[in-house]
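See structure below.
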Amino acid sequence: MDHPAPVDPDSPDLLNVIDIEATCWDGQPPPGAVSEIIEIGLTVLDLRAAERRGRHRILVRPARSTVSAFCTELTGLTQAEVDTGVSFAEACRLLASEHRAGIRPWASWGDYDRNQFTRQCRATGTRYPFGHRHTNAKIPFTTAHGLRKRPGMAQALEIAGLPLEGRHHSGADDAWNIAALILDVAARDAWPDAP
């Protein structure tokens, strides 16, 4: 298997593509429970080389909610699995230290991921791990394809003629697929931070 040449981890050509999964319910959360991040999927995208460079997954142990049967069916994650994860504060520290989250620009499909991090950091007194350069990848994708409505990730893959790799609603797999969509947008010269 060929491995890509090492890239300076602080290269301006690198983009962190993030997709999170959070505790969720079929209807309202149980009394006292709040939606919390339980998985952070991260794909490092080298925009200059047009390559997905790294695929990462951080499991996060929820502190104020549990994984419902509905959530397990949707994400594949179980309470026992997320119990092996790190705390939310530790996950944010890992994003900053190992994935240069405060330095690299980042992208997600929609604004949910950014808003959930903002809410959860505020609620827990955790330092927000990301820098200010965030791109909602739906927007340039919608423009590049001349669409009127912003599609969901699975629909966007169909529009772009790309396969859905892995399981939908797995943070690691969704981040990998979103990175492929960003490469599609960049190939059309429509990605805002393209080198």
Side-chain angles (χ1 to χ4, degrees), residues 9-10 12 14-25 27-45 47 54-68 70-71 74-75 77 82 85-143 149-154 156 168-179 181-182 185 191-193:
D10 294 326
L14 297 181
L15 174 72
N16 282 342
V17 181
I18 302 283
D19 186 79
I20 62 169
E21 301 304 326
T23 51
C24 53
W25 301 270
Q28 292 299 309
V34 294
S35 182
E36 297 176 275
I37 295 168
I38 53 175
E39 181 191 9
I40 303 165
L42 185 150
T43 292
V44 179
L45 185 57
L47 287 164
R55 186 177 190 159
H56 307 279
R57 177 185 200 216
I58 302 171
L59 287 178
V60 184
R61 196 172 53 251
R64 299 180 300 153
S65 62
T66 56
V67 178
S68 68
F70 172 81
C71 188
L74 183 69
T75 67
L77 294 167
V82 300
V86 298
S87 68
F88 176 68
E90 175 65 8
C92 288
R93 192 193 65 71
L94 288 170
L95 286 169
S97 64
E98 292 186 17
H99 302 291
R100 310 287 203 279
I103 298 164
R104 281 185 201 149
W106 69 291
S108 58
W109 197 258
D111 286 322
Y112 167 79
D113 305 76
R114 182 176 55 79
N115 292 335
Q116 179 65 29
F117 265 104
T118 301
R119 271 193 303 272
Q120 198 163 333
C121 284
R122 191 177 297 131
T124 60
T126 302
R127 185 169 177 217
Y128 185 73
F130 300 105
H132 64 280
R133 292 180 302 157
H134 172 264
T135 302
N136 171 348
K138 273 188 189 184
I139 296 171
F141 181 89
T142 301
T143 302
K149 288 180 64 182
R150 295 179 188 165
M153 186 206 74
H168 193 16
H169 300 300
S170 153
D173 291 344
D174 283 355
W176 186 254
N177 286 304
I178 294 163
L181 289 167
I182 292 170
V185 172
W191 186 253
D193 288 332

Does any N or O in the side chain of [X] come within less than 3.5 Å of the main-chain N or O of [Y], such that one atom is a donor and the other an acceptor?
X    : Y    : result
R93  : P129 : no
S65  : A33  : no
Q116 : I20  : no
T75  : S170 : no
R104 : H99  : yes
W109 : P151 : yes
T135 : A137 : no
S68  : C24  : yes

Exercise for the section: Find out whether P192 and P140 are in side-chain contact, i.e. whether some heavy atom of one side chain is under 4.5 Å from a heavy atom of the other. Expected result: yes

Exercise for the section: Answer yes or no: is there a side-chain heavy-atom contact under 4.5 Å between K138 and D111? Expected result: no

Which value, rounded to the nearest 0.5 Å, describes the distance between [X] atom [atom1] and [Y] atom [atom2]?
X    : Y    : atom1 : atom2 : value
E36  : R61  : CD    : CZ    : 11.0 Å
Y112 : N136 : OH    : CG    : 14.5 Å
H169 : D19  : NE2   : CG    : 9.0 Å
D113 : I178 : CG    : CD1   : 7.0 Å
H134 : L15  : NE2   : CG    : 9.5 Å
W191 : T143 : CH2   : OG1   : 11.0 Å

Practice task
For M153 and L181, run side chain to side chain contact (heavy atoms under 4.5 Å, CB included): C-alpha distance rounded to whole Å, both residues' side-chain angles, the deciding distance at 0.1 Å, then the answer.
Solution key: CA-CA 8 Å; M153 186 206 74; L181 289 167; 3.9 Å; yes

Practice task
Might you work through the side chain to side chain contact (heavy atoms under 4.5 Å, CB included) test for I58 and L95, ending with a clear yes or no?
Solution key: CA-CA 9 Å; I58 302 171; L95 286 169; 4.1 Å; yes

Shortest non-hydrogen contact between [X] and [Y], atoms and distance:
X    : Y    : value
A101 : N16  : CA-ND2, 4.0 Å
F141 : V185 : CA-CG2, 3.6 Å
A179 : T43  : CB-CG2, 3.7 Å

Exercise for the section: Give the intermediate values and the outcome of side chain to side chain contact (heavy atoms under 4.5 Å, CB included) for residues L59 and I38. Expected result: CA-CA 6 Å; L59 287 178; I38 53 175; over 6 Å; no

Exercise for the section: Could you walk me through whether E39 and V82 pass side chain to side chain contact (heavy atoms under 4.5 Å, CB included), step by step? Expected result: CA-CA 8 Å; E39 181 191 9; V82 300; over 6 Å; no

Practice task
Measure the acute angle between the ring planes of W106 and F130, then classify it against the limits of 30° and 60° as parallel, tilted or perpendicular.
Solution key: parallel

Problem - Passing candidate, side-chain hydrogen bond (donor to acceptor under 3.5 Å, both in side chains) with H168, options D173, D174, N177 - result: D174

